[in-house]
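Written below as structure tokens is the structure these notes are about.
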Amino acid sequence: MHLVALHGYPLDHRMWDPLAERAASGRLGPVTSVFAPDLRGRGRSPHAAAALHAMSLLADDVARDIEGALPADAPFLLGGLSMGGYVCFELLKRHGARFRGRLKGLALFDTKASADDDAGRAGRKAAIEAIRKDGIEAALTAMLPKLLARGARGSSAEALVKSMILATPPATAMADLAGLAVRDEGFEVLSAWDRPLLVAVGDEDAIAPPPDAEAMTAVAARAPWVKLLTVPGAGHMAPLEQPDEAAAGLAELAEAALRP
Ligand code: MLT
């Protein structure tokens, strides 16, 4: 089974490398390959940056990317971290019927179903202005302290996070922030979701903390299998910081998804 894995802001596909390695070496249960596209405007994405990256626009891109990258009819799990999770909600809303026959399970990492409130939107506006003035270093300064658990200082995960942020074109980061500010909430999508669901969160996640994860599992009443996984020693990047825990959760999700 494939995992389609969507990265967060302001990151790229490399955040999924530890899980891709585990899939390739048979350490991710029934998941044997990870397809981790870069979202619009960065890395190897074929889609150029727009002025505002609405989650719906990113979801439409990903739907096209899936068609191009996965064999037709191949079953897959859909996963996303933070902004990647918001894109999952839009993908299910807009393309769920199209993928219905092969989308077998949903994995949400360090994300939330609520939309931005006024304070959140004001914060996005200030972050856009900071990047306009100081470049992508402004995003590094703002985000790095919030992304990782305390124990990650000086780690290879921290080095990779820095590299991903610095590789993000400033225009892309600003368009992401503008899209994040106007995103819809995902509770309705989750309450309609009727396949297995994994919700994983780092116990030190400062951006989408454990109560956000609990709120998502609480509404998923139609899902036949739901697991809330709190990952010790992880911040907002659980699959990168503690990949063995994330891999174990995903393997369980895939097994649940394969049950008739
Ligand atoms: C992310 O990691 O994608 C962002 O922190 C999401 C957000 O700021 O809401």
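Predicted, not measured: the structure shown is a model, and the values here were computed from it. Just so you know, ligand 1 is whichever comes first in the structure, and atom 1 is the first atom listed for that ligand.
For the atom pair CG of D65 and OG of S45, the computed distance is 6.5 Å after rounding to the nearest 0.5 Å. Note: K162 NZ to L147 CG = 12.0 Å, rounded to the nearest 0.5 Å. Between atom CE of residue M143 and atom CG of residue L11 there is a gap of 7.0 Å, rounded to the nearest 0.5 Å.
Close approach of ligand 1 to I207 (heavy-atom distance below 4.0 Å) involves ligand atoms 5 (O).
Residue M83 places at least one N or O, backbone or side chain, under 3.5 Å from an N or O of ligand 1. Some N or O of Y86 is nearer than 3.5 Å to an N or O of ligand 1, by distance alone.
Residues D12 and R42 are not paired through a salt bridge, judged by the lack of any N-O separation under 4.0 Å between the basic side chain and the carboxylate.
Of the N and O atoms on the side chains of D110 and H236, not one donor lies less than 3.5 Å from an acceptor on the other residue. Side-chain contact of H47 with D38: a donor-acceptor pair under 3.5 Å is absent, judged by distance alone.
When non-hydrogen atoms are compared, ligand 1 lies under 4.0 Å from neither the backbone nor the side chain of M237. Under 4.0 angstrom from ligand 1, the non-hydrogen atoms of M143 all belong to its side chain.
Counting protein heavy atoms only, atom 2 (O) of ligand 1 is closest to H236 NE2, 2.8 Å. Remark: minimum distance from atom 8 (O) of ligand 1 to any protein heavy atom is reached at R124 NH1, 2.8 Å.
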